[in-house]
Number of protein chains: 2
Amino acid sequence: MQLILGGVTGDSDSGRRAAAGPARDEAVDAIHRELTAFARRARARTARLHPDLSLVTYSMLDHLKESGGCRATDLAAHFLLDKSTVSRQTAALERLGLVVREPDPDDQRGQLLRPSERGLRVLADAHEQRRASFAERLAGWDDDDLERLAEYLRRYNAAG
Amino acid sequence: MQLILGGVTGDSDSGRRAAAGPARDEAVDAIHRELTAFARRARARTARLHPDLSLVTYSMLDHLKESGGCRATDLAAHFLLDKSTVSRQTAALERLGLVVREPDPDDQRGQLLRPSERGLRVLADAHEQRRASFAERLAGWDDDDLERLAEYLRRYNAAG
DNA sequence: AGTATAAGTTGCACAGTGCAACCGAAGGGG
DNA sequence: CCCCTTCGGTTGCACTGTGCAACTTATACT
């Protein structure tokens with residue numbers, strides 16, 4: 001997923017950046033508040049959409065697909081989770097038949113995790129449900145605004 | 001917290017809005033992915049910042065301050081949580097001495113919840129910590145971009 | 001070879017959550 | 001005026017997600 005955008009002032013040489021001030025503080029506050037509000041609701045909402053696929057397992061399965069398969073340790077690093085948590089979630093995904101394990105050819109200690117056929121189908125289904133829910137929420141938005149918001153969020157998360 | 005902004009095309013009469021297309025789908029996908037990535041990390045991060053004040057209790061305490069005091073039921077409605085969850089979280093806040101209960105003068109069944117003196121102090125402290133962490137993350141951002149992002153998020157959450 | 005390191009699993013504890021059952025106080029017809 | 005409903009709140013129960021620590025096994029390095 002790549003976005004090629006113009007118009008977002010990511011070039012950090014603009015003279016007005018990082019100017020402390022009340023307006024800026026308010027913007028930071030608002031971003032803080034709205035992002036946490038989103039975080040709070042996301043968990044509750046996604047739990048209802050697809051019973052077998054929580055927010056976490058969905059994200060993991062998605063990452064396995066996007067990365068073309070990786071080890072549990074890589075998942076833990078990517079999602080900033082403890083390896084025990086990853087171990088349990090991947091075990092659950094395996095029990096559901098959504099991922100398959102194969103020995104890592106490069107390192108006999110590790111296992112490569114990949115989505116199974118069924119995993120890919122369930123993922124596509126869940127993805128479509130979620131995308132539809134998002135699209136509905138964003139229905140009234142201008143294309144330019146959508147692209148700017150997408151780029152802002154990518155920039156924000158990339159910084160962390 | 002109010003932001004008065006220009007430049008955000010919230011007027012939904014623009015001719016290019018809601019035009020389905022691959023670019024728009026990619027933007028929606030990216031927003032979906034980045035927001036969930038944020039949600040995933042927010043919980044883990046905020047848990048470390050202030051041990052007594054989780055993301056949930058912090059948000060509740062903040063809402064009690066901003067609303068000037070409200071009932072548990074109001075918190076549940078605002079945060080889309082079960083009343084039992086709110087009951088437990090507010091009980092925890094009370095045990096910590098961060099909120100006080102007083103009988104609701106209008107309805108003897110309910111109790112008004114307010115931050116205590118100490119609650120206000122702890123809240124201000126936690127707020128400052130979080131704001132600093134956010135400000136650091138957003139240090140390289142142009143003021144205009146910050147305000148646009150804040151407005152986008154407000155608009156997004158308001159729609160839900 | 002022997003030791004340190006890395007991947008993964010498992011036991012344990014704990015927070016957050018929802019549902020259902022319950023209690024007590026208002027409130028609204030009969 | 002009394003009963004019955006409704007509403008605010010608490011508690012018991014179960015379940016998920018999580019981290020830490022201990023352990024197992026396999027690799028890597030000196």
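Every chain is numbered from 1, with letters handed out A, B, ... down the list of sequences.
Remark: B:E136 pairs with no residue by the side chain to side chain contact (heavy atoms under 4.5 Å, CB included) rule, at least two apart or across chains. When the side chain to side chain contact (heavy atoms under 4.5 Å, CB included) test is applied to A:E117, no partner is found at least two apart in sequence or on another chain. Take A:T57 and apply the side-chain hydrogen bond (donor to acceptor under 3.5 Å, both in side chains) test, not counting sequence neighbours, and it matches A:S54. Applying the side chain to side chain contact (heavy atoms under 4.5 Å, CB included) criterion to B:S67, with sequence neighbours excluded, gives B:H63, B:C70. B:R118 pairs by the side-chain hydrogen bond (donor to acceptor under 3.5 Å, both in side chains) definition with nothing, not counting sequence neighbours. With sequence neighbours left out, the side chain to side chain contact (heavy atoms under 4.5 Å, CB included) criterion links A:D107 to A:D104, A:R109.
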Just the atom pairs and distances: protein N or O near nucleotides 5-7 of chain C's N or O, under 3.5 Å.
| from | atom 1 | to | atom 2 | distance (Å) |
| --- | --- | --- | --- | --- |
| C:dA6 | O4' | A:R109 | NH1 | 3.1 |
| C:dA7 | OP1 | A:R71 | NH1 | 3.3 |

Any protein N or O atoms within reach of nucleotides 13-15 of chain D? Criterion: under 3.5 Å, listing atom names and distances.
| from | atom 1 | to | atom 2 | distance (Å) |
| --- | --- | --- | --- | --- |
| D:dC13 | N4 | B:R88 | NH2 | 3.2 |

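Of all the residues in residues 93-106 of chain A, not one reaches under 4.0 Å from DNA chain D with any non-hydrogen atom.
Using a 4.0 Å heavy-atom distance criterion, B:V56 is classed as a sugar-phosphate-only contact.
Of the possible polar contacts, one joining the A:S116 side chain to the A:G97 backbone as a donor-acceptor pair under 3.5 Å is found.
Pairs of residues two or more places apart, or lying in two chains, that qualify as salt bridge (charged side-chain N to carboxylate O under 4.0 Å, His left out) and include a residue from residues 75-95 of chain A are A:E94-A:R101.
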